[in-house]
Amino acid sequence: MLQEYSRGDADLLPKTPMPFYVWSVGTKVLKENEIAFAQGQKNSFVELVWSVSGIGEVIYYGQRFQMQKNDIFYFLPGEDHDLRGISREWHSRWLCLDGPLAEATILACKFPRFQRSAGDCPHELFDEIARWISTNDPLQIGRMAGLALMILAHARGEDRQSNSSNGLYSRCLEYIRKNYSNPDLCIGMLCDVFQTPRSTLTKVFYDNMHRSLGNYIRDQRYGHALALLRGSDLPVKEIARRCGYKEQTSFSRLIRRATGMGPAELRKQSREMQKDS
């Protein structure tokens, strides 16, 4: 059973520019062995899944994570995943955020990708967003963004930043966000900066993010590239430089591999969609 509240295709972008906005919110009930598929390569948004009751499973790039009451898992743009019911019924709620800073917003919270026992789901916040999701009123769109931040605050759970491993993970995230435009940024550079063996750093990052450190660096550059292509008039060569690519050909290859289009074509399509919205 699926209950979804979404802005819909006609409102792909809000009328008023926002750092991020709520794309959809809803409730999902999966029966035993029922699977919900998600084609991540088509999604530009961040998704937070909050397990409410029963037991389910997140299948994320071949890995399986058992979700019990009050467990949370979040997905970044473009990530494939499936959800499967394990108990007789598994109830969950989800929240999807889109916009140029949606990914940065959830990463700034610095909680693990898979978080156990985050606390009781704030149903009233989900319900309030559902009531207003279809509005085009700029004030209500901003208010829903505020409600989404409150949900993320509830999702934080207990403080998990006190131990050294999580401290290293947080510092690594922060460094990447500030230095993704440096073409020399790589795992080796991070090991030198934090004076940490490669095996230790990659394990700490993977244990928290459940993605490889190298892929995360690439995805950060890709996310910023999309934001600049869609929201600026900067030349493609300059966008490539700002995203850490010395050669425009390498940058164009990244965009084409991810979207099936070159940078200029992607920019043109994005502007046409904005005109139609």
Side-chain angles (χ1 to χ4, degrees), residues 1-5 20 22-30 34-38 40 43 45-87 89-98 101-130 144-163 165-166 169-170 173 204-211 216 219:
M1 182 181 74
L2 177 67
Q3 191 172 29
E4 178 177 6
Y5 303 88
F20 74 90
V22 178
W23 170 260
S24 68
V25 67
T27 302
K28 186 182 274 89
V29 179
L30 294 179
E34 183 181 1
I35 296 179
F37 298 95
N43 296 339
F45 46 75
V46 170
E47 180 180 1
L48 178 80
V49 176
W50 199 310
S51 183
V52 174
S53 65
I55 302 174
E57 183 178 64
V58 167
I59 305 170
Y60 174 75
Y61 289 105
Q63 299 181 79
R64 296 176 181 270
F65 301 88
Q66 189 173 110
M67 299 277 288
Q68 300 186 34
K69 182 179 180 180
N70 294 333
D71 290 348
I72 293 174
F73 206 108
Y74 72 84
F75 307 98
L76 299 177
E79 294 185 339
D80 287 322
H81 59 277
D82 301 327
L83 305 177
R84 181 175 73 91
I86 293 179
S87 60
E89 283 190 347
W90 176 38
H91 294 241
S92 64
R93 302 201 74 157
W94 87 84
L95 171 74
C96 290
L97 306 178
D98 207 344
L101 296 182
E103 182 175 346
T105 297
I106 196 166
L107 290 175
C109 294
K110 297 181 181 180
F111 44 72
R113 179 63 67 95
F114 175 42
Q115 186 174 182
R116 290 198 175 279
S117 303
D120 292 333
C121 178
H123 293 285
E124 69 283 358
L125 298 178
F126 282 89
D127 292 340
E128 185 68 10
I129 291 175
M144 283 189 291
L147 292 172
L149 289 176
M150 291 178 66
I151 290 174
L152 293 180
H154 279 272
R156 180 175 298 280
E158 63 185 48
D159 185 4
R160 290 170 168 80
Q161 303 304 319
S162 57
N163 67 62
S165 293
N166 280 332
Y169 166 68
S170 297
L173 278 182
V204 166
F205 193 90
Y206 191 85
D207 286 347
N208 283 275
M209 180 62 72
H210 296 288
R211 291 209 73 184
Y216 178 76
D219 291 346

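- Between L76 and D219 the shortest side-chain heavy-atom distance does not fall below 4.5 Å.
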Requested in this report: Assess whether side chain to side chain donor-acceptor pair (under 3.5 Å) is satisfied between E79 and H81, documenting all intermediate values.
Outcome: CA-CA 6 Å; E79 294 185 339; H81 59 277; over 6 Å; no
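- Listed by chain and residue number, F20, V22, L95, L97 satisfy the side-chain contact (heavy atoms from CB on, under 4.5 Å) test with A148 (two or more places apart in sequence, or in another chain).
- With sequence neighbours left out, E124 forms a side chain to side chain donor-acceptor pair (under 3.5 Å) with no residue at all.
- Qualifying side chain to side chain donor-acceptor pair (under 3.5 Å) partners for S51, counting only residues two or more places apart in sequence or in other chains: W90.
- Contact record, W94 with T27: CZ3-N, 3.3 Å, taken as the closest heavy-atom pair.
- Taking every heavy atom of both residues into account, N70 and C121 meet most closely at OD1-N, 3.8 Å.
- Counting heavy atoms from C-beta on, the side chains of P77 and V46 come closer than 4.5 Å.
- Judged as a ring-ring contact (aromatic ring centres under 6.0 Å, His included), and not counting sequence neighbours, the contacts of Y60 are F73.
- One distance of note links CD1 of I35 with CD1 of I59; it measures 5.0 Å at 0.5 Å rounding.
- The salt bridge (Lys or Arg N to Asp or Glu O under 4.0 Å) search around E128 returns R131, R143, not counting sequence neighbours.
- Residues meeting the side chain to side chain donor-acceptor pair (under 3.5 Å) test with Y61, sequence neighbours left out: none.
- In this structure, the side chains of V58 and V49 stay at 4.5 Å or more apart for every pair of heavy atoms.
- The two atoms that bring L107 and L173 nearest to each other are O-CD1, 4.2 Å, heavy atoms only.
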